[in-house]
Structures are given as structure tokens and as C-alpha cells.
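Here's the structure, in C-alpha cells; my notes come after.
All chains are named by letter (A, B, ...) in the order of the sequence lines, taking the proteins before the strands, and each is independently numbered beginning at 1. These values consider heavy atoms only, across backbone and side chains, with no hydrogens, waters or symmetry-generated copies.
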Protein chains: 2
Amino acid sequence: MARKTGSHSDITRPRIQAAALRLFAQHGYAAVSMRQIAAEVGVQAGAIYNYVPHKQALLFELLKTHMEDLLVANAEAVSGSGPKALDDFVRFHILYHLERVDLVFISYMELRALEPDNFAEIERLRRAYEDRLEAILDGMDLSDTKLATLALIAMLTGVTNWFREEGRLSPDDVAETYVAMARRLAGAA
Amino acid sequence: MARKTGSHSDITRPRIQAAALRLFAQHGYAAVSMRQIAAEVGVQAGAIYNYVPHKQALLFELLKTHMEDLLVANAEAVSGSGPKALDDFVRFHILYHLERVDLVFISYMELRALEPDNFAEIERLRRAYEDRLEAILDGMDLSDTKLATLALIAMLTGVTNWFREEGRLSPDDVAETYVAMARRLAGAA
DNA sequence: GCTTGATTTGAACGCTCGTTCAGTTACCCA
DNA sequence: TGGGTAACTGAACGAGCGTTCAAATCAAGC
């Protein structure tokens, strides 16, 4: 019988993931050692291998879960098409990403650290997300929907690079300013 | 007397920089070894230390030179303010960056691999570049010039992430589409 | 052709890496 | 209370890391 209550695995596993996420975001996948992650959890390096087959899986699991969660949350928050849907998408993207800056960071930074199969899987999910925005823009007056999609995604995601909690603007302030800019960019002002 | 013509240093130094640039962009600074760089140049690892004091300097020199060149080129290509200057800035940024995708990539990716002093220096240069765009936008009708600056820079730089030489659009095509989007975003359509 | 000094080699330094595994510990269940 | 097993330790593996340096090599100037 597996131990239930009090089992350390219920505690250690998420702590390993959290430590890996934090350290990967701060130093980069290649620059972080299994021993560093273990030290942050308060455990020896070998213990990590009770939960993850290898370092690469640690990164892949973080990215895969993130992209899947992102797609689900987006589907809940944004529906339909037209200007209203665009507003919703912009707000959703900025607020969701600002709550997960570390995940966003490694999702864009560490793709090259993924082995080909893992990379392809994450790319597939990223494309699916982009397609959701493209579908919204499709109904609007744009000369090149695909380019507008890519331009908007880059512009929105860029927020996570400079936003500071202590800054002059709240996440909601930023979101509303970006909603206005996105509308104009999409010719829906 | 130092050897002049035929001196290997004239050849080896730029080759080391080129190899470092390519490999850093492809695998990331931390994931690339001095031996890999040396192998690409066709030399032993020790030889690199005739030209660079340590690995960190290799990265820093690439980034510093890139940012300085960028500022000089931008000053030549873009002047004045108002909508015309914005058009010029957008065209310049996209076309200049598309010719240097590897440099752009590591300039945004490997900042965290820099030691604090080096990081501060690169940040200073990056700010100076942003300030040039902000000055242009300042004269225009925008509710938040700073945010528009950051949004535009992210949107423009994002092009280097998806642009493919074999794609349906030429760099000029992309630049013109982005000029139109930037105008609308800035309320200058 | 010899000398000189720039350039490169190749081996070595101490260290850290990802991963494995026999052995120990700690807790649940009967 | 004792047996069983999940969880973890701690040491070890071979490999590769950044960097150093004496020795070898090479080309230019006399």
C-alpha cells in the first residue's frame, strides 16, 4: 500500500517543479544543475529521480502543462469574434501572463533546450494559441491577418519583460492601455 | 616587430567571434563550451585565450558592439519626429534586425548570462535606443507614450522570431505592413 | 638562413555535471 | 509493535567544463 496522508511525495514533487521553474527562469535551463534544484527543495540530487526520469523532462513538463492550461483558460475567457473578442483576448493574455511571468519567460526562452520531439509538441500548442487570436482577427478589417496576429502576440507578451509590481501602473491599467492600442492596430478604434 | 600581413590573428579573431555568435544563438551561452567554439574555428580551446580573457568577455563584446552599432545606424537612418520619423524607425528596426537575427536573439536571450556590471552597460544602451523611439512618439497623440514605446519595440523585434527567408513575404513587404500597423497603433493613420 | 616573437598546441589543473544505486530512514498498515 | 515499502541519502561513475602554461610551430624581418 502506498502511503497517503503525510506522504512526502505529495509535497516534494510540487516543490521540485516550483524550484525548477524559478531557477530555469532566473538562470536558464542549461545553467541550472540538478544539485541546485535539489538544494532549493532541501533534498539530495538523487531524490529528484524518484519523480522525474531526467532533467529534460523537468523542463518539458513545465512547458507542456503551461501551454495546456493556457489554452483551457483562454477558451473559458474568450469567445466569439469581432472587436469585443479582441478586447477580451488582450485582457486575458496580459493578465494571465502577468501572473505567470516565470512560466512565460521559459516558454519563450528555453524552447531551444528541448529535444526535437518535445519542441514539436510545444510548438503545436503555441500555434493553437496563436490560431485563436488569428480567428478573432479574421473577421476584422486587416490587410494581413497573420502578420497582425504575430505582431499582437509579440506586443502583448512583451509586457512580461518590463512589468514591475512596484511600477506606476497596475496590471489592469496596462491591460486597458493595451486594449486601446490593439483596437487601433486592428482598425477597430 | 609584430607580424602584419598574413598574421593569423587578423583571421582568427573574427572567426572566433563569428563562431561564438552562431553557437550562442543556437544553443545558448551556458550550453556552449569554449571547446565547441574552438572546434568551429579549427583551433584548440587554449588559443581563444590569446584574444579574449574569458568566456564572459566573448558574450559581452558581441552584445556591446551590437548595441553601439545599432545606435549609430539608427541615428543615421532616422531623424526628426512625427509620423514620418515613426515610419523610418519602423523600417529601420525591422530591416536592420532581420539582417542580424543571431545578434538580436542573444541580445534579448542572454542578458541574464551577463555579470552585473556588464548587464548594466548593455541595459544602458538598450534604454538609449528605446529613448529614440519614445522621443518620436512624444510628439504624437498617445495616452501613454512609454507604454506605446515598449509595445512597438516588442512588436517590431518579434519579427526576428518568425521571419523565414523562404516565406511568402520579403523583408520589405513585412516592413511596410508593420509601418501601417505602427501608424494605426500610434494614431497616425 | 637565422633570429625573434606572435601564434598555437596539447596536456593538465581542479571542479561540476547528469545520472545511478546500494544502503538507510521514516512512516503507514496490519 | 513489527513488517513493508516509499522516500531519501551519500557516494560514486565517466564525462566535460573554463582556464593555464610550458613547449612547439610558424612566418616576417634582417
Side-chain angles (χ1 to χ4, degrees), chain A residues 1-24 26-63 106 110 112-118, chain B residues 1-24 26-62 106 110 112-115 117-118:
Chain A
M1 258 298 150
R3 282 181 293 172
K4 299 276 179 54
T5 57
S7 170
H8 282 193
S9 82
D10 295 350
I11 300 166
T12 304
R13 181 187 292 274
R15 290 189 65 198
I16 289 172
Q17 287 166 334
L21 169 58
R22 206 189 67 74
L23 289 169
F24 288 166
Q26 185 172 0
H27 305 294
Y29 173 76
V32 172
S33 71
M34 297 298 261
R35 285 172 179 82
Q36 276 178 272
I37 297 169
E40 181 136 329
V41 177
V43 107
Q44 292 297 316
I48 295 180
Y49 291 87
N50 287 326
Y51 303 96
V52 177
H54 40 247
K55 190 183 173 191
Q56 167 86 190
L58 215 39
L59 175 63
F60 180 62
E61 278 177 20
L62 284 171
L63 298 194
I106 66 170
E110 302 298 351
R112 66 182 165 192
L114 290 174
E115 288 158 11
D117 286 357
N118 293 341
Chain B
M1 258 295 149
R3 281 182 293 171
K4 299 274 179 55
T5 57
S7 169
H8 282 192
S9 80
D10 295 350
I11 301 167
T12 305
R13 181 187 291 275
R15 291 189 65 199
I16 289 171
Q17 287 167 334
L21 170 57
R22 206 189 67 74
L23 289 169
F24 287 166
Q26 186 172 359
H27 305 293
Y29 173 77
V32 173
S33 71
M34 296 300 261
R35 285 170 179 82
Q36 276 178 271
I37 297 168
E40 180 136 327
V41 176
V43 106
Q44 293 297 317
I48 296 180
Y49 291 87
N50 287 326
Y51 303 97
V52 177
H54 41 246
K55 191 184 173 190
Q56 168 86 191
L58 215 41
L59 175 63
F60 180 61
E61 278 178 21
L62 284 171
I106 66 170
E110 302 298 351
R112 65 182 164 193
L114 291 174
E115 287 156 13
D117 287 357
N118 293 341

In whole angstrom, what separates [X]'s [atom1] from [N]'s [atom2]?
X	N	atom1	atom2	value
Gln44(B)	dG18(D)	CD	C1'	15 Å
Tyr29(B)	dG18(D)	OH	P	8 Å
Asn50(A)	dT20(C)	CG	P	12 Å
Ile11(A)	dA6(D)	CD1	P	17 Å
Ile48(A)	dT19(C)	CD1	P	10 Å

Taking salt bridge (Lys or Arg N to Asp or Glu O under 4.0 Å) as the test, write out the residues that go with Glu40(A), two or more places apart.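 For Glu40(A), the residues satisfying salt bridge (Lys or Arg N to Asp or Glu O under 4.0 Å) (neighbours in sequence not counted) are Arg22(A).
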Those residues that, when tested against Arg112(A), pass salt bridge (Lys or Arg N to Asp or Glu O under 4.0 Å) (two or more places apart): Glu110(B)
Who are the side-chain contact (heavy atoms from CB on, under 4.5 Å) partners of [X], not counting sequence neighbours?
X	value
Ala18(A)	none
Val41(A)	Thr12(A), Arg15(A), Ile16(A), Ala19(A), Val43(A)
Ala39(B)	none
His27(A)	Leu23(A), Ala31(A), Val32(A), Gln36(A)

Considering just the side-chain nitrogens and oxygens of Thr12(A), establish if one lies under 4.0 Å of OP1 or OP2 belonging to dA7(D).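 No.
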N/O to N/O distances under 3.5 Å, protein versus nucleotides 15-17 of chain C:
unit_1  : atom_1 : unit_2   : atom_2 : d
dC17(C) : OP1    : Ser33(A) : OG     : 3.0

Before giving the answer on side chain to side chain contact (heavy atoms under 4.5 Å, CB included), spell out for Tyr29(B) and Lys55(B) the whole-Å C-alpha distance, their side-chain angles and the decisive distance to 0.1 Å. CA-CA 9 Å; Tyr29(B) 173 77; Lys55(B) 191 184 173 190; 3.6 Å; yes
Where the side chain of Tyr49(B) is concerned, which of dG18(D), dT9(D), dT7(C) is the nearest nucleotide?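 Between dG18(D), dT9(D), dT7(C), the one nearest the side chain of Tyr49(B) would be dG18(D).
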List every contact pair, protein side and nucleotides 21-23 of chain C side both N or O, where the distance is under 3.5 Å.
none

Tell me every residue that passes side-chain hydrogen bond (donor to acceptor under 3.5 Å, both in side chains) with Gln44(A), counting only those two or more places apart in sequence or in another chain.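 Gln44(A) satisfies side-chain hydrogen bond (donor to acceptor under 3.5 Å, both in side chains) with no residue once adjacent residues are dropped.
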